[in-house]
S.K.: 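Before anything else, here's the structure in question.
This structure is a prediction, so every number in the text was calculated from the model and none was measured. Below, chain A is the first sequence line, B the second, and so on; all start at residue 1.
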Amino acid sequence: MPSKPYDPKEIEAKWQRRWEESGVFHAKQDFSLPPYYALIEFPYPSAAGLHVGHGRPYTGLDIVARKRRLQGYNVLYPIGWDAFGLPTENFAIKNHVHPELVTRNNIAHAKEQVQALGISYDWSREINTTDPSYYKWTQWIFLQMFKRGLAYKKEMAVNWCTSCKCVLANEEVVGGVCERCGHEVIRKTKSQWMLKITEYAQRLNDDLDGVDYIDRVKSQQRYWIGRSTGAQLRFATTAGDDLEIYTTRPDTLFGATYMVISPEHPLIDAWKERLANFAEVEEYRRAAQKKSDFERTEINKDKTGVRLQGVAAINPVNGAEIPVFLSDYVLISYGTGAIMAVPGHDTRDWEFAKAYGLPVVEVVVGGDVAKEAFTDCETGTMVNSGFLDGLTVDEAKKKITAWIAEKGIGAEKVNFRLRDWVFARQRYWGEPIPVVHCPHCGTVALPEDQLPLQLPMVENYEPTDTGESPLALLTDWVSTTCPQCGAPARRETDTMPQWAGSSWYFLRYCDPNNDAALASKEALEYWMPVNWYNGGMEHTTLHLLYSRFWHKFLYDIGVAPQSEPYAKRTSQGMILGEDGEKMSKSRGNVVNPDDIINAFGADTMRLYIMFIGDFEKTAAWNSASVKGCRRFLERVWGLTELLTPGEGYRPAFEGEFHRAIRKVSLDTEALKHNTAIAALMALLNGIYESGSITRGELKTFLLLLNPFAPHMTEELWEQLRFGGRVTDQSWPAYDEAKCTEQTIEIAVQVCGKLKGKLVIAADLPEAEVLALAKAEPKTAEAIAGKQMVKEFYIKGRLVNLVVK
RNA sequence: GCGGCUAUGGCGGAACUGGCAGACGCGCUGGAUUUAGGUUCCAGUCCGAAAGGGUGCAGGUUCGAUUCCUGUUAGCCGCACCA
């Protein structure tokens with residue numbers, strides 16, 4: 001009988017040690033068992049360590065993992081470290097410590113913090129993206145892409161962070177500044193490694209239909225991929241060349257009164273000789289070139305442009321000669337870099353037309369094009385459109401697209417907003433790109449037997465001012481020979497972006513020590529796809545999209561067994577500071593999990609972070625409320641004082657327990673850990689009211705609570721000599737029939753207003769219930785002398801009598 | 001501007017498929033224990049004396065609406081000239 005007080009410090013250290021020593025949470029190699037793969041996004045080991053927010057997803061899925069193990073599943077719940085990248089490198093430079101050492105220290109600290117929470121990770125499968133035996137396979141995947149033309153080098157304008165001295169992916173530029181450091185991002189033309197994610201755009205979009213992701217993730221990914229259907233068609237010009245455009249509104253072709261091309265459009269140079277105002281055009285192009293994308297967006301609230309003098313386009317439907325403009329509101333990177341402008345039915349074209357005094361023609365009836373563009377496609381009818389007049393927009397689209405095809409000037413076309421992925425960084429702390437530049441053979445892949453291409457240990461890893469990677473300064477490393485012809489050659493000096501290592505890490509967990517493949521076929525077939533993946537919303541258009549792309553590629557080359565890596569995706573809400581603001585060092589509102597664990601214990605910490613509210617919603621930390629969870633655990637600890645013999649449930653509690661088992665079982669699968677805990681609290685209150693608990697009841701209670709508070713439940717189980725350990729037990733079963741109550745309380749309403757209550761047998765026939773309801777004193781008074789219109793009995797809920 | 005989400009007591013939050021709004025916890029009030037504070041235990045706690053009224057606001061559908069529909073306000077997140 002434990003009469004000593006609840007001491008989480010001692011208990012938690014003891015059980016964490018035992019779990020580690022016994023390896024009880026290691027996924028089993030027995031592939032005949034039913035598998036369950038739960039995954040959280042592996043953390044970035046930053047110098048600041050973890051804050052309480054990290055505990056939310058870790059604990060949330062830990063509860064699922066622990067429960068699934070008790071249910072007999074072979075559970076894989078792993079963790080590792082996404083350790084390459086700029087924060088570590090910047091920290092290293094600032095403090096004059098090598099990034100490798102910084103990484104090692106940060107991991108050691110973060111690992112202690114995670115372990116203090118008592119998460120049931122399989123530490124035998126811990127991985128680290130900076131480990132050569134890991135990035136060997138990151139490089140290997142890159143080479144497979146390179147060999148199939150999906151990794152290519154291209155001279156292009158890129159986002160350049162002026163502070164990090166490094167290119168950024170489009171996804172990493174937020175509001176015109178670097179997502180990571182907040183400094184200005186400008187355009188810079190550089191030769192860059194790219195990955196052809198656009199080749200997978202259609203599948204990345206369509207395959208969302210087959211996976212169980214929360215809606216906001218799906219809709220954000222769909223929006224980012226940006227699939228649109230329209231038509232691509234050629235306008236003849238007075239210069240002889242055709243000008244090709246893309247439009248989603250081919251129906252408005254009769255309303256096209258001018259054309260606009262992007263400043264970077266190649267036809268401008270071809271037309272140089274014909275352009276009377278080429279100097280002015282050049283001036284505009286130079287100005288546009290200098291601006292960052294963000295400035296271009298900002299400044300062009302007011303549209304600017306230059307009319308090309310000397311070239312006009314011909315509208316194919318009516319032969320009208322229309323002017324061609326150059327404006328930076330048209331982007332070279334989307335569609336064909338040129339548009340037909342329909343000011344009557346496109347807001348941007350309308351604004352431009354107003355600014356330059358261009359005619360506005362109404363071709364869809366429904367708005368007032370003199371006041372603003374009418375962009376609705378649902379309701380309008382075509383006018384001023386020759387053979388399209390009188391049709392709906394949809395009908396007109398079909399007819400004109402057929403007409404365009406018939407004339408041989410264009411066809412229906414699908415476009416995507418998604419761009420190829422800029423896959424190189426001019427920094428030190430990343431995976432070296434395993435290729436060699438040979439003056440004779442061009443860019444040559446390193447033979448696979450030379451992987452991993454190790455990142456050289458260097459003294460100086462600071463970014464250069466030339467825009468090259470610091471690796472470029474290592475003459476000995478850079479100088480090599482061509483694997484194909486043996487001639488002197490240079491190594492690629494750019495490294496991979498941080499997103500590389502995380503694009504496939506979930507595969508490595510399946511078989512983390514394999515040296516012959518990224519993971520064995522058997523292991524992948526057994527574990528994949530991930531059953532449940534939880535992570536932050538901020539990764540929706542980055543890591544989550546990138547890793548789906550890599551996985552589809554690996555599927556195509558026969559490495560991955562399915563084309564989608566994650567069967568289910570959820571996302572935790574952010575934990576804000578006590579002041580309701582985002583936790584940050586500068587605000588001084590960061591709550592450190594170590595402090596909470598010291599003061600209350602890990603079980604209380606786990607319970608509170610789950611009890612704080614809806615898992616998916618943002619929640620503010622509240623230190624004052626934590627003690628409620630500690631109190632609950634103290635009361636559970638005190639149950640031993642109420643213990644009476646008996647292995648079964650007492651009759652009065654049988655239903656209570658069956659309902660609690662059902663509630664906790666279902667709520668945890670729905671990630672509603674808060675209401676599961678509330679149900680356990682309510683059950684505990686009932687037990688205290690009754691003054692006792694049987695051994696059988698306490699066993700069930702401890703099993704239900706175990707996923708939430710694993711340390712104290714194990715300790716009680718052991719002290720009470722319940723036999724074995726909780727981790728060896730089975731999750732309690734419930735009987736649906738025993739969940740229903742015999743007698744129930746129902747409400748009696750008159751015209752929807754509550755009048756009284758009735759305690760009746762659950763299966764009492766409707767007629768008898770209605771009779772009892774009418775006899776209920778308050779109700780009888782309310783219906784006296786009135787005419788009964790209708791009577792409702794909602795079984796087990798209420799009676800509503802409608803009178804007049 | 002576009003896309004998505006949210007709004008419930010003093011606070012965090014519950015509420016199945018349209019069926020008793022406020023479960024559970026914090027806080028607060030009163031009482032018991034204690035020299036006292038803390039802890040623990042008991043009782044109470046949406047507003048209102050009551051009738052009644054209450055889920056951001058205004059309508060609608062319904063016997064019945066926190067839940068469905070229309071409009072509107074406020075806030076959060078994402079995207080931002082994608083033709």
S.K.: Sticking with atom C1', work out how far B/A7 lies from B/U55, rounded to a whole angstrom.
M.R.: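 After rounding to an integer number of Å, I get 9 Å for this pair.
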S.K.: When the distance from NZ of A/K413 to P of B/A83 is rounded to whole Å, what number comes out?
M.R.: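 Spelled out: NZ on A/K413 to P on B/A83 is 13 Å.
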S.K.: Taking it one step at a time, do A/F352 and A/Y258 satisfy ring pair (Phe, Tyr, Trp, His ring centres under 6.0 Å)?
M.R.: CA-CA 10 Å; A/F352 191 85; A/Y258 63 102; 5.6 Å; yes
S.K.: Assess A/R307 against A/Y356: is NZ or CZ under 6.0 Å from the centre of the six-membered ring, and within 45 degrees of the ring's axis?
M.R.: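 A/R307 over A/Y356 ring: no.
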S.K.: Distance check, C1' atoms only: B/U17 and B/G31, in whole angstrom units.
M.R.: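 It comes out at 45 Å once rounded to the nearest Å.
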S.K.: Using whole Å, report how far CZ of A/R630 lies from C1' of B/U40.
M.R.: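 Going from CZ in A/R630 over to C1' in B/U40 covers 14 Å.
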S.K.: Regarding A/N415 and A/S228, do their side chains bring together a donor and an acceptor under 3.5 Å, going by distance alone?
M.R.: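 There is no such pair (donor and acceptor under 3.5 Å, judged by atom type) between the side chains of A/N415 and A/S228.
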S.K.: What is the distance, rounded to the nearest whole Å, between atom CE of A/M788 and atom C1' of B/C63?
M.R.: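 Checked: the CE to C1' distance equals 12 Å.
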S.K.: Return a single string for nucleotides 11-27 of chain B, one symbol per nucleotide in 5' to 3' order, where B is base contact, S is sugar-phosphate-only contact and - is none, cutoff 4.0 angstrom on heavy atoms.
M.R.: -BSSSB--BB--BBSSS
S.K.: Considering non-hydrogen atoms only, spot the tightest contact between A/K738 and A/H658 and give its length.
M.R.: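 Nearest pair, atom of A/K738 first, then A/H658: CD-NE2, 3.6 Å.
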S.K.: Between A/S219 and A/A338, just flag the one whose closest nucleotide in RNA chain B comes earlier from the 5' side.
M.R.: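 That would be A/S219.
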S.K.: Atom OG1 in A/T541, atom OH in A/Y546: separation rounded to 0.5 Å?
M.R.: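 Reported to 0.5 Å precision, the distance equals 7.5 Å.
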S.K.: Which value, in whole Å, describes the distance between the C1' atoms of nucleotides B/U45 and B/U6?
M.R.: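 It comes out at 28 Å once rounded to the nearest Å.
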S.K.: Taking the six-membered ring of A/Y223, is the NZ or CZ of A/R417 close enough (under 6.0 Å from the centre) and on axis enough (within 45°)?
M.R.: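 Yes, a cation-pi geometry.
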S.K.: Which part of the nucleic acid, if any, lies within contact of A/S228, taking any heavy atom under 4.0 Å across all strands shown: a base, the sugar-phosphate backbone alone, or nothing?
M.R.: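 Touches sugar-phosphate only.
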